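For reference, the structure is listed below as structure tokens.
In what follows, chains carry the letters A, B, and so on, assigned in the order in which the sequence lines appear, proteins first and then strands, with residues in each chain numbered from 1. Since the model is a prediction, treat every value here as computed from it, not as a measurement.
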Amino acid sequence: MNLTEEEIRNIALKAINELGNKANADTVKAVVEKAVSAIDENVKLPSGNLKKTSGRVILTSFGMNHPGIVAKVTTALSNAKCDIRDMSQKIMDEFYTMIIIIDISNSPLELSEIQNELTKVADELKIKIYLQHEDLFRHMHRV
Amino acid sequence: MPYQFEEILETIKMTEIEHFDIRTVTLGISLRDCADRNIEVTKQKIYEKIVRYGGNHVKYANEIERQYGVSIANKRVSITPASIPFDSFSADEYVEIAKTLDKAAAEIGIDYIAGYSALVQKGFTNGEREFLKSIPTALTETQRVCSSVNVASTKAGINMDALNMMADAIKQTAENTKEQQSIGCAKLVVFCNIPEDNPFIAGAFHGITEPEVVLNVGVSGPGVVLDAIKNAGNVDLQQLSEVIKRTVFRITRAGELMGRQVAKKHGVPFGIVDISLAPTPAKGDSIGDILKAMGVEDVGAPGTTAALAMLNDAVKKAGLMASSSVGGLSGAFIPVSEDQGMIEAVERGNLSIEKLEAMTSVCSVGLDMIAIPGDTPASTIAGIIADECAIGIINDKATSARLIPAYGKKVGDVVDYGGLLGKAPVMDVRNLNSNGFVGRGGRIPAPVRSLTN
């Protein structure tokens, strides 16, 4: 887990207050462990699983059009338990572009793992697939 | 769909085709609590603190890079100006400190660490004199350490004694590193009005009013601005300014987002976003090319300074609108060796050092990465730097000089470092004596505009 400087300082102060002159290696260890686990619970309880990237991700894909692209991409997303929230695609001559907005909050995989899965699909179909967190687009195009 | 098709494609185009990247995420670390009477204890404290805070810097930045699909070119660290906490040490001991910084930077996997610095615009402490003496050796015996010295400010004037010492230090550094084309000078900057939160190496340091640790981000994107200007076609200057502003706005927003996320991973406060357009030697990533796209035939043509002024102003306006944490240098950089458009202009004989000096009066930095003949006297170098500082104090802006008196080279030769530092054609310097002026020493008093209180 990741403690901030502030938290470390508070734990140290707490240990000093509780133990004073009686401190030895074991008692300090016990106090610190207690304080750390308290913080751990505080952090974890309200926000659920912290490790997982939350929220929406924008998938952009383009390349030469051929049958089966949408099927393969959506199958990969479905295997990763990603929820498709919106989807649009256009064909320009022999090229296609596709944009899918997905929600990965219920996926057991991390964003980087999903990216790896889709890179395999992209290589197989000889197309480009990019996955970027939605925040990037929100910051660049919305005030 | 909450986003337009075009908006999403535009972002993809910026990140994938136009080389939009975040130039640097720089972790500022205070070393003020690392001083001890014993140099060995001091070294150990410095090393441990940098490794403790900076150990995950590269890892965190890589994770954020992946999450947003925008690359972060450089991950770096800046420290408190070394001369402040370690004021009691001698020149030899300062060199030891520089080596410790070098070792810590290698341990955490970064290419440069900056803040081997001193602020001597008004005068020296004894320790600062020792520090200035240590610079040539420190830069010779380390690879990753960058040094900057502030010798002038609008409030204090120009410390000509310090400036003369720095001119000597530049010459000495060039000679010490002659085997590697005087590369030491590429890591040494003399400043006027140095910003305390600049994330860009080599001039970065962790200012003394900054918190314990802070994360600053420097965005980039000359390639994106260049393409936007080209696509705008034949519009008038007001509209052109609008095009630049719109583009830089997006760059800044993306930069701030990524900087904040890296800071969050570290669990440290986010400092500022520096909205500078910083070129690289890569094709198309050039301020020189932007100026040409704006309409001048080559960099150095009459009108260049006006075009640069307009570009710089548009960048600042867009940045201010996009973020409330704008800081650092925030403007356009015009380093010669790191910008293909500039290099070509020098090689064609269209860009002189005097024109560059004029350009520095309207852009965010100064004479940057300019190679000059190795036999240029120290007093002439001091004269060039004094001119830069004068522009800075009178216009109340940051100016700087990173000059490379390339040892043994003459006009027409080239120093080629490869990589990010690029290659610099040796430029002609007027062979006139400045010693009668700079040799007087003392301090040029602070200008009238320092009296603002």
Side-chain angles (χ1 to χ4, degrees), chain A residues 1-9 39 43 50-63 84-92 95-104 110-116 118-119 122 128-143, chain B residues 1-17 20 22 29-30 49 52-53 56 60 62-71 211-214 219 221 224 246-261 263-269 273 321-323:
Chain A
M1 79 176 283
N2 218 345
L3 289 177
T4 64
E5 278 292 291
E6 188 65 34
E7 285 162 341
I8 294 171
R9 200 173 299 120
I39 290 178
V43 175
L50 258 191
K51 274 187 78 185
K52 215 164 52 185
T53 318
S54 62
R56 305 203 302 175
V57 171
I58 296 186
L59 180 152
T60 318
S61 169
F62 53 84
I84 295 180
R85 309 307 294 259
D86 202 344
M87 193 167 160
S88 81
Q89 77 108 76
K90 274 182 189 168
I91 303 280
M92 288 176 276
F95 290 99
Y96 84 95
T97 54
M98 175 167 67
I99 294 169
I100 307 179
I101 298 182
I102 53 179
D103 189 334
I104 64 165
E110 304 241 351
L111 176 57
S112 59
E113 292 167 316
I114 302 173
Q115 283 171 331
N116 289 339
L118 282 153
T119 307
K128 293 271 184 197
I129 298 180
Y130 302 107
L131 269 105
Q132 290 160 302
H133 199 273
E134 186 206 15
D135 285 354
L136 180 72
F137 298 88
R138 198 171 64 231
H139 276 75
M140 287 174 82
H141 298 284
R142 297 286 179 273
V143 179
Chain B
M1 187 178 281
Y3 302 96
Q4 303 291 318
F5 210 76
E6 288 72 26
E7 288 174 338
I8 291 177
L9 291 185
E10 193 175 331
T11 299
I12 297 289
K13 188 167 140 244
M14 280 169 76
T15 55
E16 300 303 324
I17 299 166
F20 166 59
I22 306 299
I29 303 175
S30 166
K49 186 155 187 187
R52 174 155 52 92
Y53 280 111
N56 286 325
Y60 290 156
N62 287 342
E63 284 171 12
I64 293 297
E65 223 173 358
R66 192 87 206 261
Q67 184 172 355
Y68 295 105
V70 178
S71 87
E212 180 79 1
V213 189
V214 72
V219 299
V224 184
R246 271 207 299 270
T247 311
V248 172
F249 178 87
R250 294 198 191 101
I251 298 175
T252 309
R253 297 279 288 186
E256 179 169 356
L257 167 70
M258 294 189 53
R260 282 192 187 280
Q261 294 300 326
K264 201 166 146 194
K265 280 203 180 267
H266 273 289
V268 305
V273 44
M321 175 73 190
S323 164

Residue selection (most heavy-atom pairs with chain A, distance under 4.5 Å) from [options]:
| options | answer |
| --- | --- |
| Val70(B), Leu257(B), Asn56(B) | Leu257(B) |
| Arg250(B), Glu256(B), Met14(B) | Arg250(B) |
| Glu63(B), Glu10(B), Arg253(B) | Arg253(B) |
| Thr11(B), Ile251(B), Leu9(B) | Thr11(B) |

Legend entry - Beyond-backbone contact of Ile129(A) with Leu131(A), side-chain heavy atoms, under 4.5 angstrom: yes
Legend entry - Close side-chain approach of Gln261(B) to Tyr68(B), heavy-atom, < 4.5 Å: yes
Legend entry - Residues Arg85(A), Asp103(A): salt bridge by 4.0 Å N-O rule: yes
Legend entry - Salt bridge Arg66(B)-Glu110(A), side-chain N to carboxylate O under 4.0 Å: no
Side chain / backbone / both / neither for [X] at chain A, heavy atoms under 4.5 Å:
| X | value |
| --- | --- |
| Glu6(B) | side chain |
| Arg260(B) | neither |
| Thr15(B) | side chain |

Sort [X] into side chain, backbone, both or neither according to what part of it lies under 4.5 angstrom from a heavy atom of chain B.
| X | result |
| --- | --- |
| Arg138(A) | both |
| Lys128(A) | neither |
| Leu136(A) | both |

Legend entry - Ring geometry between Tyr130(A) and Phe62(A) (parallel below 30°, tilted from 30 to 60°, perpendicular above 60°): tilted
Legend entry - Over-ring placement of Lys90(A) relative to Tyr96(A), 6.0 Å and 45° cut-offs: no
Inset, instruction - Specify the closest pair of heavy atoms between Glu7(B) and Arg142(A), including all atoms of both residues, with the distance to one decimal. - result: OE2-NH1, 3.0 Å
